[in-house]
Asker: 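Got a structure for you, questions after.
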Amino acid sequence: MSVEGIQSRVWLAQRLSAMVLAVAVTVHLGGMILAVQGGLTAAEIIQRVGGNGVAASFYGIFVLAAAVHAPIGLRTVLLEMTALNPRVADGVAGVFAVAVLVLGLRAVLGFYQLGAV
Amino acid sequence: MEDMLAVSIWRGGEDGEFVSYDVPRLENQTVLDVVTYVQRKLDPGLSYRFACRVGMCGSCAMTVNGRARWTCRTHVSRVADDGRLEIAPLRNLPVVKDLSVDMVDFFDKWAKAGGAFSPTKSRADDFAAIPPGDAKRRQANAGIECIGCAVCYTSCDVVTWKPGYLGPAALNRAWTLVNDTRDGLGRARLRLVAGDDGCLGCHSQQGCQEHCPKSLSPTAAIAGLKRAVVVAVLKGKL
Amino acid sequence: MAGQIKVTHRNHATWWAFALHRLSGVALALFLPVHFLVLGLAIQGEAALDGALIWTEQPLVKLAEAGLIVLLAAHLTGGVRLLALEFLPWRDWQKTLAALAGGVSLAVGLLFLVNAF
Ligand code: SF4
Ligand code: SF4
Ligand code: FES
């Protein structure tokens, strides 16, 4: 595939993940604003998300979209505002994507398993 | 109105400096008139460009009090209320000398973006009939009044950050041709302006549209190109 | 002695919208892995979670959280603005959109603060 073809797909991936994130972030923000009302307790959180498959899949998709969206943006910033070699910027973005994905999914799994034991 | 203007003009190349001149203030005086006065009466060595003096050729753009402007159509009264003028060459282009910049990059990028019309018919054919109300025709119309002054190019951060970026004027030109139903370059034209150095590099800062003396909106043209690229990608044609 | 040319091509609404989008984007990207890491540590069990929650009850932490939420809301509304600008037919309401984006993100942050205290 041509260079423009690859770049155009990466760009589109960032926009599509942005659309997913727009919905996910709105839900997340609304949820947080409601949740902090009158303080949070561990028991409350466990009761709400522990073993909750819907919450886990929602946040799974959220993490996935973030792991696509953020590294692409970071790469653009690195290319425009630092003297980094493009290859290095690609590498940094790749490592960052993996880190976000792994840490994010680990947290989602952790919440899902809360209260199970 | 003051009797005199305190004018500082950039002299030299990239590492030049400002030199001060006193220029009589007149009614109905343009910034280009001021520069011309300095060159004719005070310092014949001053280099600058102009041709038409009526806002058609696009050769007289300079940085005036920090903003890129077409100097022949910029009245002193609009930009120097305190009687001070600072006139410098355009940024984002190499300074040749004084107020003249090297426009080679700017025009080379027009060529790179496929700025030339690619006809599908010859002079033997009949006229192409395009109704003025046609949707594509109206898209093209919005961008064809560009005079190639590089004011937009100078006002864009992406051009500063990415030397390869084609820039607002070249992409605006490409969009008028994408909408020209007589043009035969088709997908190949789109490929020239896709990618990070093409329309996808634009961050919609709209410095171009904010400063374009012809009130064009290269940002709108670039957004049009982005949509065309997305359609092509989704169809697997890029 | 070389002179310095001052330029002011940046002082307009849509440039500031860009600057805010970039700043909030980078800040959120850097925050993301840390967020996941802390969450992952906090959910080792009910006791750990309660400990973490008590920590977040401090006013300073609350304020920082509100700041993050404003950044998130700003990046969200600014992003929706960009998506509209890139994917919908062009209109000349760009500045209105930028202002609207700013207003909404500020309102969301305030809502969180009011709720949290
Ligand atoms: S809208 Fe795009 S082309 Fe125009 S100044 Fe901004 S980044 Fe440059
Ligand atoms: S788009 Fe406007 S600012 Fe840019 S070169 Fe054309 S006329 Fe000049
Ligand atoms: S001299 Fe031709 S546009 Fe100013």
Asker: Counting only non-hydrogen atoms closer than 4.5 Å, does C/L32 touch chain A with its backbone (N, CA, C, O), its side chain (CB onward), both, or neither?
Answerer: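 Looking at C/L32, just its side chain touches chain A.
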
Asker: Is the ring centre of A/F58 less than 6.0 Å from the ring centre of A/H28?
Answerer: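 No.
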
Asker: A side-chain contact here means heavy atoms from C-beta on lying under 4.5 Å apart; do A/T76 and C/R22 qualify?
Answerer: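 Answer yes - side chains close enough.
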
Asker: Pick one of side chain, backbone, both or neither for C/A48, based on which atoms fall under 4.5 Å of a heavy atom in chain A.
Answerer: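 For C/A48, neither part sits under 4.5 Å from chain A.
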
Asker: What part of A/Q14 lies closer than 4.5 angstrom to a heavy atom of chain C: side chain, backbone, both or neither?
Answerer: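 Neither part; nothing is under 4.5 Å.
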
Asker: Contact part of A/L105 toward chain C, heavy-atom cut-off under 4.5 Å: side chain, backbone, both or neither?
Answerer: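 Nothing of A/L105, per the 4.5 Å heavy-atom cut-off to chain C.
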
Asker: Output the option from C/G40, C/P33, C/G25 having the highest count of non-hydrogen pairs under 4.5 Å with chain A.
Answerer: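 With the most close heavy-atom pairs to chain A, the winner is C/P33.
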
Asker: Determine whether A/E80 and A/R75 satisfy the following criterion, salt bridge (charged side-chain N to carboxylate O under 4.0 Å, His left out), listing intermediate values before the conclusion.
Answerer: CA-CA 9 Å; A/E80 284 180 3; A/R75 178 178 166 275; over 6 Å; no

Asker: Can you tell which part of A/A22 gets under 4.5 Å to a heavy atom of chain C, answering side chain, backbone, both or neither?
Answerer: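 It is both, since atoms from each part get that close.
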
Asker: To the nearest 0.5 Å, how far apart are CZ in C/F36 and CG in C/L41?
Answerer: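 Spacing of CZ (C/F36) from CG (C/L41) equals 13.5 Å.
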
Asker: Checking side chain to side chain contact (heavy atoms under 4.5 Å, CB included) between C/L28 and each of C/L72, C/L23, C/L76, which is the one that passes?
Answerer: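 Of the listed residues C/L72, C/L23, C/L76, the side chain to side chain contact (heavy atoms under 4.5 Å, CB included) partner of C/L28 is C/L72.
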
Asker: Under the 3.5 angstrom rule, does the side chain of C/Q58 hit a backbone N or O of C/W55 as a donor-acceptor pair?
Answerer: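 The answer is yes, because a donor-acceptor pair under 3.5 Å joins these two groups.
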
Asker: Please classify the contact between A/M81 and chain C as side chain, backbone, both or neither, with a heavy-atom cut-off of under 4.5 Å.
Answerer: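 Side chain only.
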
